[in-house]
Amino acid sequence: MIATSPNTRFLSTGLRRVLGSRVVAAMTTPHGVDRYLELFDPTWSVNEVRAEITAVSHPTADSVTLILRPNGNWQGFRAGQFVRLTVEIDGVRRTRCYSPANSVHAADGKIEVTAKAHAGGFVSRFLREQARPGMVVTLSQADGSFALPEQRPGRVLLISGGSGITPVMAMLRTLCDEGHAGRITFLHYCNAAKDLIYAEELAEIAARYPNVELLRGFAAVEQCGELQGLFNREQLVTAVPDYAEASTFLCGPPGMMKAVQQLWVEDGIAERLHLENFTAAPVVVDSANAEGDVRFARSERLAANNGASLLDQAEAAGLRPEAGCRMGICHTCTCRKLSGRVRDTRTGQLGEEGEEDIQICVSVPVGTVTLDV
Amino acid sequence: MSNFSKLSPKQFAAIGAEFDDIRNRVLADLGERDANYIRTLVKRQRRLEVGGRVMMMIPPTWPLGVAALSVSKILDNMEIGHNVMHGQYDWMGDPTLNSKNFDWDSADTAKNWKQTHNVEHHTYTNVLNRDHDVGYGLLRMSTQQKWEPRFLANVPLTVILHTFFQHFVAVQNLKLEEYLIYKTKTGAQLKEDFKPMWKKMRKQLAKDYVLFPVLAGPMAPLVFVGNVAANLARNVWACAVIFNGHFPEDVEQFPESVLENETRGHWYVRQLLGSANFSGGRLMHIMSGNLSFQIEHHLFPDLPAHRYAEIAPEVRAICEKYGLPYNTGTFLQQTLSTWKRIFKLSLPTRDAGRGRLEPVAEEVPLRMAA
């Protein structure tokens, strides 16, 4: 969708074919052509999606909107999907998921992501404080099944809470660009009017498209949106009487998601509800006792955590992960932890939650841990 | 007499705690500085590589091209490859600088290297029969190795090892001596083990000796010779650095019994006694992959190597405190000392006739006090 003349497109596909050829692969072995291309420009790559930040704005006090120009490897996205965005903070790569909020028909081919910086949000805080135009980030291809179906539904209800607004914003903008004929209700909850990320644009859209209805719910009592207070049945029935006929897309904080989901289940219309979890429920960590399970994702095995090193537990479960010194020196056993926390047996230090590489011979699980083994 | 026997169990524990403390301090401090360091170095290495290969195709710049590619290969193998494959930069979470994924511009596969080097050599440093780097199955490097007539060729074989170092390292995991000399390995087994090695070797040979010469057209012979020279320079330099790290005369070697009930403190002390440094400027340290700090490297193989210079004074102070040697000297001194050992051991030695492995000479039993 990037506007290019046929000539430059021919050149770029020609160049791409050469750079991706076996001869170039043989010339650049064992490092690969990307490791040389990045010498010239950090966004150049044959295989990876990288993007340059071209603009940074702060729509509300605690959020940041980035406009990203992806390189030619970006295959586009379906409205509602997310990308894994990787930045480097103090030498360490961190990856988080963000949903592009722009229309899939955006003519400039750029991606817009908005991150809300909450207290524990290490990466979003970094983006809010440090992101500058010219910075280069790494992206995955778009992923996720939460998306507008190719066959656009007629009546659409979009429900979001807080920063869960971004994927449904992409849906709304996309449908508007397509001149969608059916009715669209955009139902959004947040704490106060000043926290509403796309406030102005939403108001404009609602004024411009007669088929779009905007309903804002603010938790703060003194603030008057179209709705008052938290999501509940009474409120929904009054505001959106035909909700049962609509295809509904939902994204928001866990409490709100649960309430909405429950109502749809009670009404027996759960198949009309599409949803996206964008925050995991907090995990309670008790480091004193061996609790939880050890899950070996690739080999699909499960064992009760017995407090031993993950390497020992993997072997006890009949697995044979690569291992060497068994004392944290050789890094032969390093493998990907997909979730959970571990304690380093050498330092006694409690590691980070989430995806990272760990040496399983010197890591004991603290609670449930999933390994890519 | 081994310095091992001078320490009490309490002292071993205290030494272990002091070294752990250094390690934890550096680990807690890792960050942007280390990431920038390795990235800058990778960038420079890749520029030297591209520049070197181009300059080699133009006759007037040929010598410069050879020099640039030699330096590129040395940096790629030592300060980058060796260190990245140790997992020194795994904490960055960058797949291109991760010990799991990284491969180097050498005939040796990353997988084999991590087995023979990271596991065997680093866990069992200088333990005879366990650390294959002690002589590479080819040389006699310790009085505790029983003398055999084949060791008369110790010196010429060491020269050959330096010359073809990358290929010797590549086939190290085959343990060729088990097939050729001791007949404990079959030809079929050898062939099977060689397959993955040949796959990597082939690619490296094709790149340096077919592809780039052909690309140079009429300059093909020039590029061919240039690549031979660059590979040779890297081979000799890498081998010399490694030999200086473990084979100067005062560096200790250990019998297998040392591994029984070895504590972390004992392990640290064994690493210390089994390694030697050499002095030099910043460039010398970078070009040797900071293996000029072989002692620090063996104590902390997974700390980013550019940190070794910073912690070396502390390591040295700990050695002094416990009366342990800290073996260092100039590059030349260590080289001469190493070759002296190689010369000496090509002939039978007094205590070798007993035919079994024992602690050096008049040794007191190891750690019997414990």
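Note that the structure is predicted; figures quoted are calculated from it, not measured. Order of the sequence lines fixes the chain letters, A, B, ..., with proteins taken first and strands second; residue numbering starts at 1 for each chain.
Interface summary for chain B: among A/Thr138, A/Thr28, A/Leu39, A/Val23, the most heavy-atom pairs under 4.5 angstrom belong to A/Leu39. Contact tally against chain B (heavy-atom pairs below 4.5 Å) for A/Arg35, A/Gln349, A/His31, A/Gln359: the top residue is A/His31. Ranking B/Asp90, B/Asp20, B/Asp34 against chain A, the residue ahead of the rest is B/Asp90, based on heavy-atom pairs under 4.5 Å.
Contact of B/Trp267 with chain A is made through the side chain alone, with heavy-atom distances under 4.5 Å. Contacts of B/Ile38 with chain A are absent, with no heavy-atom separation under 4.5 Å from either backbone or side chain. For B/Tyr89, no part lies near chain A; criterion is any non-hydrogen pair under 4.5 Å. The contact between A/Glu88 and chain B is made entirely by side chain atoms (from C-beta outward), counting heavy-atom distances below 4.5 Å. For chain A, the nearby part of B/Lys100 is the side chain; its heavy atoms alone come within less than 4.5 Å. Residue B/Asp208: no heavy atom, backbone or side chain, is found under 4.5 Å from chain A.
Taking 4.0 Å as the cut-off between side-chain N and carboxylate O, B/Lys175 and B/Glu120 count as a salt-bridged pair.
The aromatic rings of A/Phe77 and A/Trp74 are tilted relative to each other, their planes meeting at an angle between 30° and 60°.
Residues B/His82 and B/Leu291 have side chains in contact (heavy-atom distance under 4.5 Å, counting atoms from C-beta outward).
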